[in-house]
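Below is one structure, written out as structure tokens; comments come after it.
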Amino acid sequence: MGIPIGGPRIPRVSCHVPELPEVEVLVRHLRPLLKHRRVRRVYVLRPKIVAPGSPEEFAKALRGRTFSDLDRRGKYLVFTLRSSRKPATFQLLGHLGMTGRMYLLPAGEPWPKHAAVVLQLDRDQFVFEDTRYFGRLTLDLSPLRKLGPEPLERTFSLDYFIQQLQRSSQPIKVKLLDQTLVAGVGNIYASEILFRAGVSPRLSARKLTSSQAERVWIASREVLTEAIQCGSTVPLSFGEGRRSDSFFYFGRAPGALDYYAERLFVYDRADQPCSCCGTPIRRFVQAGRSTFFCPKCQSNKRGCEPRPGSKTV
DNA sequence: CACCATGTTCCTTG
DNA sequence: CCAAGGAACATGGT
């Protein structure tokens, strides 16, 4: 086993698209930076981002408020702000969509081309940029109500998971993307989770044996936990190498991206040999999304013995 | 130029 | 009413 077949490479998409681990890393990074910072001015450059509310009400609600906390729910960021005014505290919901980024920029730095919302703080600007404008930064918290349990918390029990799978005939890969089943798994990690579990992405959810369901449940938690530990696939800092220094992205350990890229066993590796058995990884489309898998390791017949464990490389 | 990539919401169909 | 499938959204990269 061991991964380095094909050498180090950077997956095309994975370093851009945030799923639960990327959001978790961002939240941990931003939380201390935002705490106690007051919003001086609000600029909404793309009204769609603050929908369904209007830019005016968004600006009015935020101006003068102070950030007090930041949490994650699924792929959402939940900002808490306070003030001495009317509602003593209220919350703001953020979602990075596919290309969203959030970071602090020193006051006076020019905004990026696709800046969607900028909050002027005392000596920094909080920037939400999003080239495709699929993201959200809004007063509307209602999307949270539809979310299923957090995969890394007790509410996501094995019993619950098995019970939910029984209710659906969709392929397990598609089911893992269902945010009402479990919140935070996206297209990249869904493939990775099933590879680790040795389960075919085509298998109908209700046809998983309890042993297979348990393996998927365990793999979900392992894959997401390790991704968080690795600093996630999103590049975390671009302080150095870019003109302005003190210029934050997310702040990552050096080399984290390359290190993580090697840990994606199947995603975006079509035609490359499986790290476990050498069989070429295959790609196909499910629910309009790419799925990557090893036809041997995930054949449901048990094939590849050495499962890629947490201690590879 | 055509097509593909991502996540969520909305619409349609069964 | 619900499950499932597909289009739309916006942009940049190949």
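What you see is a predicted model, and the numbers here were worked out from it, not measured in a lab. Each chain gets a letter, A, B and so on, in the order the sequences are listed, and its residues count up from 1. Side chains included, hydrogens not; waters and symmetry mates left out as well; all remaining heavy atoms used.
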Under 3.5 Å, is there a donor-acceptor pair between the side chain of Gln125(A) and the main chain of Pro106(A)? yes

Residue Met98(A), side-chain atoms from C-beta onward, closest of dT6(B), dA10(C), dG12(C): dT6(B)

Reading DNA chain B 5' to 3', what string of ( ), [ ], | and . shows its pairs, if Watson-Crick and G-U wobble pairs count only when both distances fall under 3.5 Å? .||||.||||||||

Is there a side-chain contact between Asp271(A) and Ile281(A) in this structure, where contact means two heavy atoms from C-beta onward sitting under 4.5 Å apart? no

Is it the case that Arg82(A) and Thr89(A) place a side-chain donor and acceptor less than 3.5 Å from each other? no

Of the nucleotides dA10(C), dT8(B), dA5(B), which one has an atom closest to the side chain of Arg46(A)? dA10(C)

Side-chain donor/acceptor contact of Arg132(A) with base of dA5(B) under 3.5 Å: yes

Spacing between Asp140(A) atom CG and dT9(B) atom C1', to the nearest angstrom: 12 Å

dC11(B) versus dA10(C) - spacing of their P atoms, nearest Å: 15 Å

Judged by modelled atom types alone, do Asp178(A) and Thr180(A) share a side-chain donor-acceptor pair under 3.5 Å? yes

Hey, is Phe134(A) doing a stacking thing with dC9(C), by the 5.5 Å centroid and 30° angle criteria? yes

Do Tyr133(A) and His114(A) have side-chain N/O donor and acceptor atoms under 3.5 Å apart? yes

Looking just at side-chain N and O atoms, do Thr131(A) and Thr99(A) make a donor-acceptor pair shorter than 3.5 Å? yes

When we call it a touch if two heavy atoms are under 4.0 Å apart, what does Gly186(A) touch: a base, just sugar-phosphate, or nothing? sugar-phosphate

Does anything in residues 167-178 of chain A reach DNA chain C, meaning a heavy atom under 4.0 Å, and if so which residues? Ser168(A), Ser169(A), Gln170(A)

N/O donor-acceptor pair, side chain Arg136(A) with base dT8(B), under 3.5 angstrom: no

Has the side chain of Arg31(A) got a donor or acceptor atom that lies under 3.5 Å from a matching backbone atom of Leu70(A)? yes

Distance only, no hydrogens: is a donor on one side chain within 3.5 Å (strictly under) of an acceptor on the other, for Thr80(A) and Gln91(A)? yes

